[in-house]
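Working notes, beginning with the structure itself.
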Amino acid sequence: MLKLYYSPASPYVRKVMATAHCLGLADRIEKLEAAAHPVQRDARIATFNPLAKVPALQTEDGLALYDSRVICEYLDALGNGSLFPPEGQARWVALTRQSLADGLLDAALLARYEGTARPAEKQWSGWVEAQMTKIRAALETIEAQAGQFEGTPSDIGLIAIGCALGYLDFRFADFDWRALCPNAAAWFAEFDSHPAMAATRPRA
Ligand SMILES: N[C@@H](CCC(=O)N[C@@H](CS)C(=O)NCC(=O)O)C(=O)O
């Protein structure tokens, strides 16, 4: 079995699990309990990943892999998939979309940690606003491209974008990203109903 330090709320873990579902590998993953936190380090996760972040995977031959980008590419190779286009423009577009979605998520997590992990007297609204600016800018780019997106999780860029938009629904429910992104919203309505996305919706 593959062993995965896991959180049902993590959008990066969702990316890994959606990838695994697309490839028919989800049943080969044993989910290991973890409590990732930016300040209260979880020593269990650190046995696979010194950064103590999830996702962190141990392969069947004992290799420790992180972060989500590497794990997803490993799964694609293991499952003889085509979620990482091997060459040409399709490859660079898919990888850059993954970076865009992961960057949106990095900003979302930093904004959330400011409110949940930092003591109230040290919180800084300017920090959160700056992260929200990054999120809005990433959404603008997603909206500009949404007309070209396929309706199914056909590559890692689209999977990552789907997980990022799903995370906004999950943790930023008051932020009406659909009002900014009508085309992406229409795409997401169909995309998120795919079995690989439906099986991996975030939970607290
Ligand atoms: N770039 C990493 C980000 C992983 C990440 O930030 N995971 C969060 C949970 S959603 C985490 O483990 N946070 C704990 C920490 O920041 O130390 C990836 O793509 O896997």
Side-chain angles (χ1 to χ4, degrees), residues 2-23 25-26 29-59 63-78 83-84 94-119 122-124 127-128 130-132 134-135 138 142 153 155-173 175 196-197 199-204:
L2 302 158
K3 295 179 193 297
L4 179 74
Y5 276 110
Y6 176 90
S7 158
S10 166
Y12 309 98
V13 169
R14 184 183 189 192
K15 184 160 56 109
V16 164
M17 290 308 301
T19 296
H21 277 276
C22 288
L23 294 162
L25 294 173
I29 297 181
E30 181 188 349
K31 294 173 184 164
L32 304 179
E33 196 185 323
H37 188 276
V39 180
Q40 290 142 25
R41 182 177 170 83
D42 184 336
R44 295 170 296 184
I45 310 170
T47 60
F48 290 2
N49 175 1
L51 304 171
K53 295 185 178 193
V54 292
L57 182 91
Q58 190 183 64
T59 67
L63 198 61
L65 299 182
Y66 48 89
D67 58 7
S68 64
R69 285 172 264 223
V70 176
I71 298 170
C72 290
E73 191 159 358
Y74 174 82
L75 293 177
D76 196 46
L78 187 67
L83 298 175
F84 285 77
L95 292 182
T96 302
R97 283 182 180 156
Q98 176 175 220
S99 293
L100 176 68
D102 284 4
L104 186 161
L105 286 172
D106 293 344
L109 260 81
L110 287 174
R112 184 174 152 75
Y113 286 154
E114 185 69 14
T116 59
R118 196 181 294 282
K122 294 185 175 155
Q123 289 174 12
W124 178 24
W127 177 268
V128 174
Q131 304 314 317
M132 294 307 294
K134 288 181 198 284
I135 292 171
I142 290 169
D155 72 44
I156 193 61
L158 297 182
I159 293 172
I161 288 173
C163 292
L165 297 178
Y167 187 73
L168 293 179
D169 283 345
F170 177 55
R171 290 296 196 202
F172 293 75
F175 174 58
M197 297 300 289
T200 58
R201 296 234 169 82
R203 294 181 278 113

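Bear in mind the structure is a predicted one, so any value in this text is a computation, not a measurement. Both counts, for ligands and for their atoms, begin at 1 and track the order of listing.
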Is the contact between Arg41 and ligand 1 made by the side chain, the backbone, both, or neither, using heavy atoms and a 4.0 Å cut-off? neither
To the closest 0.5 Å, what do you measure between [atom1] ([X]) and [atom2] ([Y])?
X      : Y      : atom1 : atom2 : answer
Asp169 : Arg201 : CG    : CZ    : 9.5 Å
Leu83  : Thr19  : CG    : OG1   : 6.0 Å
Met17  : Cys22  : CE    : SG    : 11.0 Å
Cys163 : Phe170 : SG    : CZ    : 12.5 Å

Could you list the residues that satisfy ring-ring contact (aromatic ring centres under 6.0 Å, His included) with Tyr167, not counting sequence neighbours? none
For residues 42-57, which side-chain donor-acceptor pairs fall under 3.5 Å, sequence neighbours excluded?
unit_1: Asp42; atom_1: OD1; unit_2: Arg44; atom_2: N; d: 2.9
unit_1: Asp42; atom_1: OD1; unit_2: Arg44; atom_2: NE; d: 3.1
unit_1: Asp42; atom_1: OD2; unit_2: Ala35; atom_2: N; d: 2.7
unit_1: Asp42; atom_1: OD2; unit_2: Arg44; atom_2: NE; d: 3.3
unit_1: Asp42; atom_1: OD2; unit_2: Arg44; atom_2: NH2; d: 2.8
unit_1: Thr47; atom_1: OG1; unit_2: Arg44; atom_2: O; d: 2.6
unit_1: Asn49; atom_1: OD1; unit_2: Leu51; atom_2: N; d: 2.8
unit_1: Asn49; atom_1: ND2; unit_2: Lys53; atom_2: O; d: 3.2

Residue and atom name of the nearest protein heavy atom (relative to [atom]), distance in Å to one decimal:
atom                    : result
atom 10 (S) of ligand 1 : Ser10 OG, 3.1 Å
atom 4 (C) of ligand 1  : Val54 O, 3.3 Å
atom 16 (O) of ligand 1 : Lys53 CE, 3.6 Å

Check: Ser68 N/O within less than 3.5 Å of ligand 1 N/O: yes
Would you check whether Ala36 has a nitrogen or oxygen atom less than 3.5 angstrom from a nitrogen or oxygen atom of ligand 1? no
Under 4.0 angstrom from ligand 1, any heavy atom of Pro55? yes
Side chains of Arg112 and Gln131: closer than 4.5 Å at any heavy-atom pair? no
Is there side-chain contact between Asp67 and Asp102, with at least one heavy-atom pair below 4.5 Å? no
State the atoms of ligand 1, each with its element, that fall below the 4.0 Å cut-off from a heavy-atom position in Pro38. 14 (C), 15 (C), 16 (O), 17 (O)
Counting from 1, what ligand 1 atoms have a heavy atom of Leu109 closer than 4.0 Å? 8 (C), 10 (S)
Out of Tyr113, Tyr12, Tyr5, indicate the one that has the non-hydrogen atom closest to atom 11 (C) of ligand 1. Tyr113
Using heavy-atom distances only, which candidate in Val16, Asp42, Asp67 approaches atom 2 (C) of ligand 1 most closely? Asp67
